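Take a look at the structure set out below.
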Amino acid sequence: PQASKPAWGRYQGKIIESIHLQQRGVFESAPSDTATNKPWKSLGRLLFPTTRSWAIRQYLCFNAGNRLDETQLKNSQEALNQLPYLEKAWIKVTPSPGSNDTVDVLVTTQDAFPIKPGLVLERKILTLSHQNLAGLGHTLVNRFSYNQRLGYGLTYQIPNIQGSYITGELQYLNTHEKQVKRLGMYR
């Protein structure tokens, strides 16, 4: 089935009065799930905190007070849906109560499970990454390799620093062939 297209066009040009975020953690499938206090969900929320609101807001191409632009909403939703730490993102626009000229925007996100293993048999490399460290949207990758002796690598990435689309990266690699320590930024 084809996904329905959001009905943003009818609000084109109206003033955005407010932007609200509704974030769902890894183990929350609906807003009502946040109140469920099952022990495994409490442990899950402790181990995998919900993505911080600023980590989501920095990918929005619009602000409260702006005129609504359908293209900005589309670009924002696409950017959010490409993030490795979000399973899905939706943007909904509704008329503001008591005004014909303003709208409210609701951005709903569902966190993805952040732990990702990887294995490259021919190169004898095992990776274990965390795609949303402490709910910050940062990535930590541990890399273990074996080629005559055990090697280890660690990469820490901070994407989209302050909404600039610049990524900061700290890398350490120690194998029998080389040792690398690197700090860099790229766009």
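Treat the numbers as computed from the prediction; the structure is a model and nothing was measured.
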- Message: Which Ile, Leu, Val, Met, Phe, Trp or Tyr residues join Leu173 in one cluster when any pair of side-chain heavy atoms under 4.5 Å counts as a link?
- Response: Val180

- Message: For Val26 versus Pro114, what's the shortest heavy-atom pair and its separation?
- Response: CG2-CD, 4.0 Å

- Query: Does Arg143 reach the main-chain N or O of Gly153 with its side chain, forming a donor-acceptor pair under 3.5 Å?
  - Reply: no

- Query: Between the main-chain N or O of Gln72 and the side-chain N or O of Ser76, is there a donor-acceptor pair closer than 3.5 Å?
  - Reply: yes

- Go through the structure and list residues passing side chain to side chain donor-acceptor pair (under 3.5 Å) with Ser53, not counting sequence neighbours. none

- Please name all residues satisfying side-chain contact (heavy atoms from CB on, under 4.5 Å) with Ala79, sequence neighbours left out, ordered by chain then number. Tyr59

- Which heavy atom of Cys61 sits nearest a heavy atom of Asn75, and at what distance? SG-CB, 4.2 Å

- Can you tell me if Gln131 and Ser129 form a side-chain donor-acceptor pair at under 3.5 Å? yes

- Go through the structure and list residues passing side chain to side chain donor-acceptor pair (under 3.5 Å) with Thr51, not counting sequence neighbours. Asp111, Asn132

- Query: Trp8 and side-chain contact (heavy atoms from CB on, under 4.5 Å): which partner among Val105, Val93, Val103?
  - Reply: Val93

- salt bridge (Lys or Arg N to Asp or Glu O under 4.0 Å) against Glu78, all qualifying residues, sequence neighbours excluded: Lys74

- Query: Do the side chains of Val107 and Leu80 get nearer than 4.5 Å, heavy atoms only?
  - Reply: yes

- Query: Does any non-hydrogen side-chain atom of Asp69 lie less than 4.5 Å from one of Gln12?
  - Reply: yes

- Message: Tell me every residue that passes side chain to side chain donor-acceptor pair (under 3.5 Å) with Arg123, counting only those two or more places apart in sequence or in another chain.
- Response: none

- Give a yes or no answer on whether the side chain of Gln171 reaches the backbone of Thr155 with a donor-acceptor pair at less than 3.5 Å. no

- Query: Of all residues at least two apart in sequence or in a different chain, which pass the side-chain contact (heavy atoms from CB on, under 4.5 Å) check with Ile115?
  - Reply: Phe48, Phe113, Leu128, His130

- Task: Would you check if Thr109 and Arg24 make a side-chain contact, meaning some heavy-atom pair closer than 4.5 Å?
- Result: no

- With side chains defined as the heavy atoms from C-beta onward, is the minimum distance between Val141 and Thr139 less than 4.5 Å? yes

- Message: Which heavy atom of Gly135 sits nearest to which heavy atom of Ala55, and what is that distance?
- Response: O-CB, 4.4 Å

- Query: Under 4.5 Å between side-chain heavy atoms, hopping through other hydrophobics if needed: is there a path connecting Ile15 to Ile91?
  - Reply: no

- Task: Answer yes or no: is there a side-chain heavy-atom contact under 4.5 Å between Gln58 and Leu60?
- Result: no

- Using a 4.5 Å side-chain heavy-atom cut-off and chaining through intermediate ILVMFWY residues, the residues clustered with Leu136 come out as Trp54

- Does one side chain, of Asp104 or Ser96, offer a donor that lies under 3.5 Å from an acceptor on the other? yes

- CD/Gln162: more than 12 non-hydrogen atoms of other groups inside 6.0 Å: no

- Is it the case that one hydrophobic cluster holds both Leu106 and Tyr11, taking links as side-chain heavy atoms less than 4.5 Å apart, direct or via other members? no

- Message: So, using side chain to side chain donor-acceptor pair (under 3.5 Å) as the criterion, who are the partners of Tyr152 when residues are at least two apart?
- Response: Asn142

- Message: Ignoring hydrogens, what is the shortest heavy-atom contact between Ala64 and Ser18? Give both atom names and the distance.
- Response: CB-CA, 4.4 Å

- Task: Output yes when a side-chain donor or acceptor of Gln110 lies under 3.5 Å from a complementary backbone atom of Gly25, and no otherwise.
- Result: yes

- Message: Contact between Ile16 and Phe62 at the side-chain level, heavy atoms closer than 4.5 Å - yes or no?
- Response: yes

- Message: If we ignore hydrogens and angles and just use 3.5 Å, is the side chain of Lys88 paired with the main-chain N or O of Ala112 as donor and acceptor?
- Response: no

- Query: How many angstroms lie between NE2 in His20 and OG1 in Thr108, if you round to the nearest 0.5 Å?
  - Reply: 11.5 Å

- Item | Remaining members of hydrophobic cluster (4.5 Å side-chain criterion), Tyr146 | none

- Do Arg57 and Leu21 have side-chain heavy atoms sitting under 4.5 Å apart? yes

- Within the side chain of Ser99, is there an N or O that forms a donor-acceptor pair under 3.5 Å with the backbone of Asp101? yes

- Message: To check you understand the geometry: which heavy-atom pair defines the closest contact between Thr167 and Ile161, and what is its length?
- Response: C-CD1, 4.3 Å

- Are any of the side-chain heavy atoms of Thr175 and Ser145 separated by less than 4.5 Å? yes

- Pairs involving residues 74-105, ordered by first then second residue, that meet ring-ring contact (aromatic ring centres under 6.0 Å, His included) (sequence neighbours left out): none

- Which residues satisfy the ring-ring contact (aromatic ring centres under 6.0 Å, His included) test with Tyr156, sequence neighbours excluded? His138

- Task: Using a cut-off of 6.0 Å, state whether more than 12 heavy atoms not belonging to Lys124 lie near its atom NZ.
- Result: no

